[in-house]
Amino acid sequence: MEIKAIRGFNDILPDEIGKWQFVEGTARKVFEGFGFSEIRIPVLERTELFSRGIGEATDIVEKEMYTFTDKSGNSLTLRPEATASMARAYLEHQVYTFDPVAKLYCIGPMFRYERPQKGRYRQFYQMDAEVFGVENPMVDAEVIVMLIDFLERVGIEKLELHINTLGCRACRPRYREELKKFLTTKAFQLCEDCQRRLETNPLRIFDCKVETCQEAIVNAPNVSDFVCSECQKHFEKVREYLEIAGLAYILNPRMVRGLDYYTRTAFEVVSYHLGSQNAVTGGGRYDNLFQEIGGLDIPGIGFAIGMERLVSLLPKDRKFVQSPQLFIASLGDETIKEAYQIINQLHLQGIRAELDYEGKSLKSQMRRADKLKARYVLILGENELKKGRAVLRDMESKSQEEIPIPDLVNILKEKVKGQE
Ligand code: AMP
């Protein structure tokens, strides 16, 4: 029986990979320009890192984690997100002893046991950027500006930046109580999950997609009306810095991030091209996470970008397909060794080139060159070869010229330069 991939786990095939590499490459350039360094963390962690870090009463921990017991009886979990692991690594290796401020980014797969559908998978990729060790609101603005700069550089359009403040450990409990009181009067309208959330984590009800739950929260109190003066001051500063940076934003008092660890600044970037799963990325400040996972009192802020959704939003008119710069079509038995020698030289010079291994007819080789979208074709015929020459065909303009074979690499390099 043919073995198929697991539901919700996708292959990213070569005709798609150009987009992914472009997005990753741009992220590296932008993030590193803003002073961030890459960190690579394991995909598997102890379950308690997530249950304590993300919070027991979140959808992720309640029902979406890939958790299993290993042969030694340890409960392990495939990472559903990267922030908790990055914080663990920062604490475990005492990165703060080198410098209290760490700006880190990480690109890789995450795993959540969700119902697979368009834009929602069980293995999906995220790009995470986090700053640990700075409480100053300037860094909130810096992170948001970096995120928007990145999204603009990859060409994402129709974006809206939504921001909100979620308060802190001092002021949020009062809001939670008020919200709970309000929603208790509407409990009959809430779905089964939200009735449970009413007890465990009423803020999560804002994220519920069920229509009656959305109706129930229409007139709910806003968290921003309950925040303490410290949180208020912090948020005003964030807005001031965003304004200095010239970034437009929408104040969205209804935007409440799903994970327990968020405090104060929360933000999301939504694209109306995406339909109901319209958040391309979200993030915020989490000043309690480090303590939750048993560490020091270290503030943090960051975001995670869902790469599948991002890739689906890339401009349609951009070409990301990787095609050969040159296809070598050789005619006759004598030319094949010469073709190999040329292609070998090209490969060693980093020029993407292809040939036909089977010595098929010229027509069939040209058809293949066309299918592979080769930019040029070098036609090696026995007669020209005797003179050390070959025909170079431009597959776009369909023009041909005879060139001396030793000049091929330089000619190709010149042509590529002219097209950049
Ligand atoms: P979160 O970590 O839940 O805040 O998600 C951050 C981003 O990751 C979201 O805005 C999505 O773009 C993406 N994301 C989250 N869950 C999934 C999933 N199951 N499949 C694909 N992308 C996801």
Side-chain angles (χ1 to χ4, degrees), residues 7-9 43 45-68 75-85 87 109-126 128 162 164 166 172 175-176 179-180 183 186-187 189-217 220 223 252 254-263 266-268 270 274-284 286 288-289 292-293 302-309:
R7 208 162 97 85
F9 286 66
V43 291
E45 297 271 6
R46 290 181 194 283
T47 303
E48 61 188 306
L49 174 68
F50 304 116
S51 50
R52 278 173 33 198
I54 302 173
E56 296 282 1
T58 55
D59 279 1
I60 295 184
V61 174
E62 270 180 356
K63 37 185 198 195
E64 294 171 1
M65 294 209 301
Y66 273 93
T67 298
F68 63 93
S75 178
L76 304 180
T77 296
L78 281 169
R79 62 181 187 198
E81 55 110 59
T83 311
S85 305
M110 307 297 152
F111 305 85
R112 292 186 197 171
Y113 197 80
E114 294 192 81
R115 197 169 65 78
Q117 51 186 292
K118 193 170 175 294
R120 201 170 276 284
Y121 310 102
R122 289 182 171 173
Q123 174 174 327
F124 60 98
Y125 287 78
Q126 280 188 344
D128 283 76
H162 291 210
N164 193 17
L166 304 181
R172 197 154 62 196
Y175 171 66
R176 215 176 131 121
L179 182 65
K180 197 169 153 185
L183 286 171
K186 312 254 174 199
Q189 267 180 276
L190 300 177
C191 70
E192 221 174 282
D193 273 345
C194 285
Q195 299 212 356
R196 201 170 23 82
R197 287 175 184 141
L198 192 52
E199 291 309 316
T200 56
N201 191 354
L203 272 76
R204 294 282 296 112
I205 298 174
F206 282 100
D207 284 346
C208 183
K209 297 275 184 277
V210 176
E211 214 172 297
T212 53
C213 299
Q214 282 299 317
E215 284 163 17
I217 55 162
V223 59
N252 182 353
R254 291 308 210 221
M255 194 253 304
V256 179
R257 305 278 302 143
L259 314 186
D260 267 6
Y261 57 54
Y262 286 113
T263 52
F267 52 91
E268 256 178 22
V270 302
L274 274 179
S276 64
Q277 252 104 61
N278 58 9
V280 193
T281 165
Y286 41 87
N288 304 331
L289 170 69
E292 291 298 338
I293 62 173
F303 60 76
I305 305 174
M307 289 184 69
E308 283 78 1
R309 289 181 205 175

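Note: hydrogens, waters and symmetry copies are ignored here, and every other heavy atom, side chains too, is used. Numbering starts at 1 and runs along the sequence shown.
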* Asked: Any sub-3.5 Å donor-acceptor pair from R309's side-chain atoms to G119's backbone N or O?
  -> yes
* Asked: Hey, are the side chains of P109 and R79 touching, using non-hydrogen atoms and a 4.5 Å cut-off?
  -> yes
* Main-chain N/O of S75 paired to R46 side chain as donor or acceptor, under 3.5 Å -> no
* Asked: Do you know which of K209, R112, R115, R197 makes salt bridge (charged side-chain N to carboxylate O under 4.0 Å, His left out) with D59?
  -> R197
* Nearest-0.5 Å distance, SG of residue C213 to CG of residue D207 -> 11.5 Å
* Anything under 30° is parallel, anything over 60° is perpendicular, the rest tilted; go ahead and classify Y66 against Y113. => perpendicular
* Does Q195 use its side chain to pair, donor to acceptor, with the backbone of Q189 at less than 3.5 Å? -> no
* **Minimum-distance pair of heavy atoms, taken over all atoms of L190 and A216** => CD2-CB, 3.8 Å
* **R172 side chain reached by L203 side chain, heavy atoms, under 4.5 Å** => yes
* To do: List the atom of I217, the atom of R254, and the distance in Å for their closest heavy-atom pair.
  => O-NH2, 2.7 Å
* To do: Taking the side chain as every heavy atom from C-beta outward, state whether E199 and K180 have any pair of such atoms under 4.5 Å apart.
  => yes
* Pairing of E308 and R120 as salt bridge, 4.0 angstrom limit -> no
* To do: Would you check if R52 and L49 make a side-chain contact, meaning some heavy-atom pair closer than 4.5 Å?
  => no
* To do: Evaluate side chain to side chain contact (heavy atoms under 4.5 Å, CB included) for T83 paired with Y286, printing each intermediate quantity in order.
  => CA-CA 10 Å; T83 311; Y286 41 87; 3.5 Å; yes
* Return the minimal non-hydrogen interatomic distance between Y121 and G8, and the atom names on each side. => CB-O, 3.4 Å
* Is R196 close to E192 at the side-chain level, that is, under 4.5 Å between some pair of heavy atoms? -> no
* Asked: Under 3.5 Å, side chain of T281 to main-chain N/O of A304, donor-acceptor pair present?
  -> yes
* To do: Any chance you could lay out the side chain to side chain contact (heavy atoms under 4.5 Å, CB included) test for R176 and N201, step after step, and finish with the verdict?
  => CA-CA 8 Å; R176 215 176 131 121; N201 191 354; 4.1 Å; yes
* For residues V43 and F111, determine if any side-chain heavy atom of one lies less than 4.5 Å from a side-chain heavy atom of the other. => yes
* To do: Looking only at non-hydrogen atoms, find the nearest pair between F267 and G284 and report the distance.
  => CE2-N, 3.5 Å
* For the atom pair CG (L76) and OG1 (T67), what is the distance rounded to the nearest 0.5 Å? -> 9.0 Å
* Heavy-atom check, side chain of V210 versus side chain of C194, under 4.5 Å -> no
* Structure fact -> Of all heavy-atom pairs linking G53 and E292, the shortest is CA-CB, 4.5 Å
* Does the side chain of D193 reach to within under 4.5 Å of the side chain of K63, using non-hydrogen atoms? -> yes
* Value rounded to 0.5 Å, distance of CD in Q126 from CE in M110 -> 5.0 Å
* At what distance, to the nearest 0.5 angstrom, does CZ of F50 lie from OG1 of T58? -> 11.5 Å
* Asked: Which heavy atom of I54 sits nearest a heavy atom of I60, and at what distance?
  -> CD1-CG2, 4.1 Å
* Backbone N or O of V256 within a donor-acceptor pair of the R204 side chain at under 3.5 Å? -> no
* Roughly how far, to the nearest 0.5 Å, is the OG1 atom of T77 from the CZ atom of F68? -> 8.0 Å
